[in-house]
Amino acid sequence: MAGERIVKGALIGCGFFAENQMRAWQELEGVSIVALCDRDPRRLAHFQALFGIEDTFTDAETMFAALTGSGNRGLDFVDIATTTQAHAALVPLAARHGVDIICQKPFAGSLAMARRLIVQCAENGVSLSIHENFRWQRAVRQTIEVLRAGRIGRPFFGRISYRSGFDVYKAQPYLARVERFIIEDLGIHVLDIARALFGEVERLSCETARVNPGINGEDVATLMLHHDDGVTAVVDCSYATRLADDPFPQSLIEIDGDNGSLRLRQDFELEIHGAEGGCDRRDVRPEPPAWSEAPWWPIQESVLAFQADWLEARRHGRAVETHGEDNFNTLALVEAAYRAAAAHQSVVPARWSR
Ligand code: NAD
Ligand code: 89Y
């Protein structure tokens, strides 16, 4: 890395989750966030003080004009950490200014908008990466790697379960107001894990419920996926589950294959059961960064891992796993889940094609 040019980025959206992204950028070598943007001057000032970054803007257009183009200070990428409503304006703006783009989930707000933004990035020759971090949690990643290495043969059944009663509305009050809650906010990550494990989905069905009367959307969802390769997977999510030992924010995973089974348990133990009996047990607990705080360890660790991979991918001229086109297929599962829940029927999800 010695002698390599520092990659310069700007962060748009100085909110709750962006703090993790900023801490991760500051921990990584060879990258520097040189400017901050938030339309709320108080949040901007808070981040400026917290991270010691001088250049701040309340308007993204002004920021790009100041930092890009000939004779300017230079910008390689933008990290968009706003909520979804801002993507439709910010992604094309960044693409027009020729900078690579990282954008938070849930991307774009609709499949039609996602398609438009993906095409605009391609036409402007900039990369689009979606900050889809759950598949980068150490426990989840190790499960993916053991499966991909063929340790249990061909999988035929999976269950990815995320059940908690953690008060997510405290730090993210907008989650109580949205009409679409758990599938779009959280299920999207779990569906992305399902794709990372078992590939694309041919059809799915879904049932939802709202248990908490104080919110507008669904806080429970149970999905059944039929994957192209024949795997049947159950994805179940809940923010209405009361447990003395709440696993937030862990995804627990069960996979049965024709040559063994995997079990990712709540105590961060990954069991690899062989066809001949016997079981290897791996400790896959998070190795969280120093700035990480309970219970967010697995997520904060995965933010650092995702951003480290993005940087590595950029150095080697490859795309990250969750590039725009890839994430379109995760978004398509979210859309299909809401359609399936409304119709009480199984639905064939859309799939990316040009
Ligand atoms: P937030 O409301 O706390 O922060 C968003 C910030 O963006 C606000 O400060 C707002 O003023 C700013 N903003 C909005 N539009 C803007 C614009 N056009 N220009 C400049 N600034 C603008 O939200 P949050 O809880 O931090 O969530 C942000 C995103 O992160 C959401 O999409 C959420 O789903 C996602 N998120 C992801 C994870 C994960 O693990 N990947 C976890 C939590 C949240
Ligand atoms: O917004 C959500 C996410 O992406 O991960 C967990 C979360 O913060 C609450 O569901």
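Remember, it's 1-based here, ligands and their atoms both numbered in the order they're listed.
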Considering only heavy atoms, which protein residues lie less than 4.0 Å from any atom of ligand 2? Lys105, Phe134, Val168, Gln172, Asp185, His189, Tyr239, Trp296, Ile299
Before accepting this row, confirm whether a basic side-chain N of the pair Asp267/Arg281 lies closer than 4.0 Å to the acidic partner's carboxylate O. no
Short N or O contacts of ligand 1 with protein, under 3.5 Å, listed by atom name?
{"from": "ligand 1", "atom 1": "3 (O)", "to": "Phe16", "atom 2": "N", "distance (Å)": "2.9"}
{"from": "ligand 1", "atom 1": "3 (O)", "to": "Arg43", "atom 2": "NH1", "distance (Å)": "3.0"}
{"from": "ligand 1", "atom 1": "4 (O)", "to": "Arg43", "atom 2": "NH1", "distance (Å)": "3.2"}
{"from": "ligand 1", "atom 1": "9 (O)", "to": "Asp38", "atom 2": "OD1", "distance (Å)": "3.4"}
{"from": "ligand 1", "atom 1": "9 (O)", "to": "Asp38", "atom 2": "OD2", "distance (Å)": "2.6"}
{"from": "ligand 1", "atom 1": "9 (O)", "to": "Arg43", "atom 2": "NH1", "distance (Å)": "2.9"}
{"from": "ligand 1", "atom 1": "11 (O)", "to": "Asp38", "atom 2": "OD1", "distance (Å)": "2.6"}
{"from": "ligand 1", "atom 1": "21 (N)", "to": "Arg39", "atom 2": "N", "distance (Å)": "3.3"}
{"from": "ligand 1", "atom 1": "25 (O)", "to": "Tyr174", "atom 2": "OH", "distance (Å)": "2.7"}
{"from": "ligand 1", "atom 1": "26 (O)", "to": "Phe16", "atom 2": "N", "distance (Å)": "3.2"}
{"from": "ligand 1", "atom 1": "26 (O)", "to": "Phe17", "atom 2": "N", "distance (Å)": "2.8"}
{"from": "ligand 1", "atom 1": "27 (O)", "to": "Tyr174", "atom 2": "OH", "distance (Å)": "3.1"}
{"from": "ligand 1", "atom 1": "32 (O)", "to": "Lys105", "atom 2": "O", "distance (Å)": "2.8"}
{"from": "ligand 1", "atom 1": "34 (O)", "to": "Lys105", "atom 2": "O", "distance (Å)": "3.3"}
{"from": "ligand 1", "atom 1": "34 (O)", "to": "Lys105", "atom 2": "NZ", "distance (Å)": "2.9"}
{"from": "ligand 1", "atom 1": "40 (O)", "to": "Asn133", "atom 2": "OD1", "distance (Å)": "3.3"}
{"from": "ligand 1", "atom 1": "40 (O)", "to": "Asn133", "atom 2": "ND2", "distance (Å)": "3.1"}
{"from": "ligand 1", "atom 1": "41 (N)", "to": "Gln104", "atom 2": "OE1", "distance (Å)": "3.4"}
{"from": "ligand 1", "atom 1": "41 (N)", "to": "Asn133", "atom 2": "OD1", "distance (Å)": "2.8"}

Closest non-hydrogen atom pair, Val303 against Asn20: CG1-O, 3.9 Å
Closer than 3.5 angstrom, by distance alone: can the side chain of Glu132 be matched with the main-chain N or O of Asn327 as a donor-acceptor pair? no
Would you call Arg141 and Glu321 a salt bridge, taking side-chain N to carboxylate O under 4.0 Å as the test? yes
Under the criterion side-chain hydrogen bond (donor to acceptor under 3.5 Å, both in side chains), I'd like the reasoning laid out for Trp136 against Asp309: C-alpha separation, chi angles, the key distance, then a yes or no. CA-CA 9 Å; Trp136 286 101; Asp309 183 67; 4.8 Å; no
Evaluate the criterion side-chain hydrogen bond (donor to acceptor under 3.5 Å, both in side chains) for residue pair Tyr174 and Tyr169; output intermediate values, then yes/no. CA-CA 7 Å; Tyr174 57 90; Tyr169 316 105; over 6 Å; no
Is the number of heavy atoms from other residues, nucleotides or ligands under 6.0 Å of Arg116 CZ greater than 12? no
Judged by modelled atom types alone, do Trp296 and Glu301 share a side-chain donor-acceptor pair under 3.5 Å? no
Answer yes or no: is there a donor N or O on one side and an acceptor on the other, between the side chain of Gln48 and the main chain of Glu54, under 3.5 Å? yes
